[in-house]
Amino acid sequence: MIELYIIGAGGFGREVLDTLGQANAIAPAYRVLGFIDDTLPRGTLVNGVAVAGDIAHLASLPDGPRALLAIADPAAKRRIVTATRERVRYQTLIHPTCIISPFAEIGTGCIIQGYSLVAANACLGEHVVINAHSGVGHDTAVGAFSSIMSFCDLAGGSSVGELTFAGSGVRVLPKIRVADASYLCGGAVVMKDVPTSSKMIGNPARPIG
Ligand SMILES: CC(C)(COP(=O)(O)OP(=O)(O)OC[C@H]1O[C@@H](n2cnc3c(N)ncnc32)[C@H](O)[C@@H]1OP(=O)(O)O)[C@@H](O)C(=O)NCCC(=O)NCCS
């Protein structure tokens, strides 16, 4: 059994708890030791699992505790990993319903939720989230700490930089490049390359903010 904590008891953390339960129903593999959350008091029960403490508590535990980083905010993910990299062993999790090419590269700490596809020669950097029902096309790259929410389609040969958030239902067309630290609003259809730190909305996607 892999014993681990779930960092983040918010919506995504609770979805990840469900994924562990669904994986265990097929073949028992995971034992959840608790949620780690900076915003909830220790002992708070979240869907039957207690909050064990905050990030400082996790980092203080002996023997390199194992954890899933179940947070969607890219900047928060990088902040937590930077502060805890030496102390915490980050787990990668792939929902049993996913289709992952044997020729895809999946970085440490990635979480890929149900019914997602990662196609041939796609490459996910460390701590990337691919939420449910999303597709990462062939030869597509997603940079470290980026989060791709549910029902997104990153078409073949496209790329999404580091620290980028793609809201629900985003589509990035083939070979289009989205640079680092961008925010793609829910439902955006990205047809042209996107410069660094852009916020894009609509169909066709245009910059806002
Ligand atoms: C774009 C976004 C950041 C805007 O948030 P906001 O500033 O709170 O915007 P508001 O809800 O006040 O809406 C402002 C206007 O933008 C429109 N709008 C909001 N989100 C939009 C979107 N994704 N695409 C197109 N128009 C949008 C609203 O209809 C509203 O239009 P109006 O002024 O004509 O009534 C947010 O809606 C979004 O897309 N977030 C992504 C969330 C997501 O997908 N999360 C993952 C799942 S949990």
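Basis for what follows: all heavy atoms, side chains included, without hydrogens, waters or symmetry-related copies. Whatever order the structure lists ligands and atoms in, that order sets their numbers, starting from 1.
By the definition of a contact as any protein heavy atom under 4.0 Å away, atom 24 (N) of ligand 1 is in contact. For atom 36 (C) of ligand 1, the nearest protein heavy atom lies 4.0 Å away or farther. Protein heavy atoms are found less than 4.0 angstrom from atom 47 (C) of ligand 1. Within 4.0 Å of atom 6 (P) of ligand 1, not a single protein heavy atom is present. In this structure, atom 44 (O) of ligand 1 has a protein heavy-atom contact shorter than 4.0 Å. Distance screen at 4.0 Å: atom 33 (O) of ligand 1 has no protein heavy-atom neighbour inside the cut-off. For atom 29 (O) of ligand 1, the protein comes within 4.0 Å by no heavy atom at all. For atom 14 (C) of ligand 1, no protein heavy-atom neighbour is found at a distance under 4.0 Å.
With hydrogens and angles ignored, the 3.5 Å screen pairs no side-chain donor or acceptor of Thr196 with any backbone N or O of Ala179. The closest donor-acceptor contact from the side chain of Arg87 to the backbone of Gly64 lies at 3.5 Å or more, if one exists at all. Listed for the Lys77 side chain is a donor-acceptor partner under 3.5 Å among the backbone atoms of Ser146.
Looking at Leu163 and Asp180, their side chains never come closer than 4.5 Å, going by heavy atoms from C-beta outward. Between Ile36 and Val51, every side-chain heavy-atom pair lies at or beyond the 4.5 Å cut-off. Looking at heavy atoms from C-beta onward, Gln22 lies out of side-chain contact with Thr97 at the 4.5 angstrom threshold.
Each of the following atoms of ligand 1 lies closer than 4.0 Å to a heavy atom of Gly167: 43 (C), 44 (O). For ligand 1, the atoms lying closer than 4.0 Å to a non-hydrogen atom of Met149 are 46 (C).
Closest non-hydrogen pair, Ala120 versus Ser101, comes out as CA-OG, 3.3 Å.
Here atom 1 (C) of ligand 1 lies nearest to Cys185 when heavy atoms of Ala205, Cys185, Gly10, Ala188 are compared. Closest to atom 18 (N) of ligand 1 by heavy atom, among Ile148, Ile201, Ile208, is Ile201.
Under a hydrophobic-cluster definition in which Ile, Leu, Val, Met, Phe, Trp and Tyr are linked whenever side-chain heavy atoms come within less than 4.5 Å, directly or via other members, Ile111 and Leu33 are assigned to different clusters. If you chain together hydrophobic residues whose side chains sit under 4.5 Å apart, Leu4 and Ile7 never meet in one group.
The protein heavy-atom contact nearest to atom 40 (N) of ligand 1 is Tyr183 OH, 3.2 Å. Regarding atom 38 (C) of ligand 1, its nearest protein heavy-atom neighbour is Gly186 N, 3.9 Å.
Checked against a 3.5 angstrom limit, the closest N/O atoms of Ser168 and ligand 1 fall inside it.
Distances shorter than 4.0 angstrom occur between a heavy atom of Phe165 and an atom of ligand 1.
The pair Arg171-Asp153 meets the salt-bridge criterion, since a charged nitrogen lies less than 4.0 angstrom from a carboxylate oxygen.
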